[in-house]
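One structure is given below, encoded as structure tokens.
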Amino acid sequence: MAISSVTHVVLTGGIGSRLWPLSRKTLPKQYLELFDGESLFEKTVTRNLNISNKTIVVGNIENYKMSNAIMSKFEKPFTHIVEAVPRNTAAAIAFAAFASKPEDILLITPSDHIIEGNDLYISALKQAIELANQDYLITFGVKPIKPEIGYGYIEFEHQNVIAFHEKPNLETAEIYLKNGNYFWNSGLFCFKAEKFLKQLEMLEPEVFLTSKEAWEANKNGFLDYEMSMNIPSISIDYAVMERSKDIKVIPAHFEWSDLGSFESVYDYLVNKDHPIDANRNIVIGTSMHTTFVGVKNCILIYTTDALMVLQKENSQEVKQVYQQLESIASPLL
């Protein structure tokens, strides 16, 4: 297969509300240079350069300048699709598919994940590309290492998907882990542009038609606000992946994290030799001397205008803090 037919589609939407106060609307987590001095966005583009020869960045009007600044570091040309308003992943991926040739293989990745183990990653992508050429829609499943309640799950048998499951409670997650035939849903996808669009048209015709109309009226990749508002806001999972008959799952043997919570950021930083005290407490965002007394597994997150102290195990609750601030239109967002 000619490698020239593979396009890397980077989705840069999302605020990372569970990483507030580090992640803000003006500087979402994918642009934070918190990870070996690089942003997650830059790491994402770098790891997919050799498997693809085209890059499409799909983002919104609020972050496209930050994306362009990072993309200017790379010599490869890229296409930027700028959404006037976020309409979730089904529409974002449809725009990339409309911008591509029908037979192009699209490798869809979020811009804010950490992946370690490059050889294993490339091996999984090659398997996915091979299946995509056979007209399957491919998702990547990550083997659970703990009963995680922050991810959706894929029930599988070999490469066949039996069912997709929403984020479970702890009891259900423990059952999934014990059963052994459940993957975490990684949010990575691979398929032909034409195949995705045909499935979208069949399963969600309104999303297909309104996205097509908005795309056809684009001006240099910028989409119209009014036309965009006509597009139903729905994820690729709900729109297509959970309903299509042509799905295959590739096991991801590489190390993966969506860094969607401070618990996962904590684990990543500690593995990278971030300073930690005797009771496994860490500080993020300041070199100021900090002492923890009588507490364990805590994270202190420091920014110039907000301070948060967090028990690592309660990381999922940060989203509620964000939502409270949102309800009062706080300038801290």
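Side-chain atoms are counted along with the backbone in the values below, which use heavy atoms only and exclude waters and symmetry mates.
In the hydrophobic clustering, where aliphatic and aromatic side chains (Ile, Leu, Val, Met, Phe, Trp, Tyr) are joined below 4.5 Å either directly or transitively, Y64 groups with I61, V82, F222. Side-chain contacts under 4.5 Å among hydrophobic residues (ILVMFWY), followed directly or transitively, place V85 together with Y225, M229. Through direct or indirect side-chain contacts shorter than 4.5 Å among Ile, Leu, Val, Met, Phe, Trp and Tyr, I149 is connected to L170.
Residues meeting the ring pair (Phe, Tyr, Trp, His ring centres under 6.0 Å) test with F140, sequence neighbours left out: none. Scored by the salt bridge (charged side-chain N to carboxylate O under 4.0 Å, His left out) test, R280 finds no partners at all (sequence neighbours excluded). In terms of the salt bridge (charged side-chain N to carboxylate O under 4.0 Å, His left out) criterion, E174 has no residue partners (sequence neighbours excluded). With sequence neighbours excluded, the residues that form a ring pair (Phe, Tyr, Trp, His ring centres under 6.0 Å) with F183 are F156. Listed by chain and residue number, K195 satisfy the salt bridge (charged side-chain N to carboxylate O under 4.0 Å, His left out) test with D246 (two or more places apart in sequence, or in another chain).
R24 and T303 share a side-chain donor-acceptor pair at under 3.5 Å. N281 and K296 are not linked by any side-chain donor-acceptor pair at a separation below 3.5 angstrom, with hydrogens and angles left out of the test.
L197 and I236 fall within a single hydrophobic cluster, where Ile, Leu, Val, Met, Phe, Trp and Tyr are joined by side-chain heavy atoms under 4.5 Å apart, directly or via other members.
With respect to E130 and K126, no salt bridge is recorded, no charged nitrogen being found less than 4.0 Å from a carboxylate O. A salt bridge does not link E201 to K212: none of the charged side-chain nitrogens sits closer than 4.0 Å to a carboxylate oxygen.
Counting only distance, with no hydrogens or angles, the side chain of S244 and the backbone of M241 share no donor-acceptor pair below 3.5 Å. A donor-acceptor distance shorter than 3.5 angstrom exists from the side chain of K29 to the backbone of L259, with no hydrogens or angles considered.
Pairs of residues two or more places apart, or lying in two chains, never qualify as salt bridge (charged side-chain N to carboxylate O under 4.0 Å, His left out) while including a residue from residues 150-166. Legend: ring pair (Phe, Tyr, Trp, His ring centres under 6.0 Å) pairs involving residues 280-309, not counting sequence neighbours: none detected. Applying the salt bridge (charged side-chain N to carboxylate O under 4.0 Å, His left out) definition to pairs two or more places apart or across chains, those involving residues 60-81 are E42-K73.
Within the 4.5 Å cutoff, no side-chain heavy atoms of V295 are placed close to those of N279. The shortest distance between side-chain heavy atoms of Q199 and F191 does not fall below 4.5 Å.
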Contacts under 3.5 angstrom, residues 317-333 side chains, donor-acceptor by atom type, not counting sequence neighbours:
residue	atom	partner	partner atom	Å
E317	OE2	N314	ND2	2.9
S327	OG	Q324	O	2.6
S330	OG	L332	N	3.0

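W184 and W256 have tilted rings, their planes meeting at an angle from 30° to 60° on a 0 to 90° scale.
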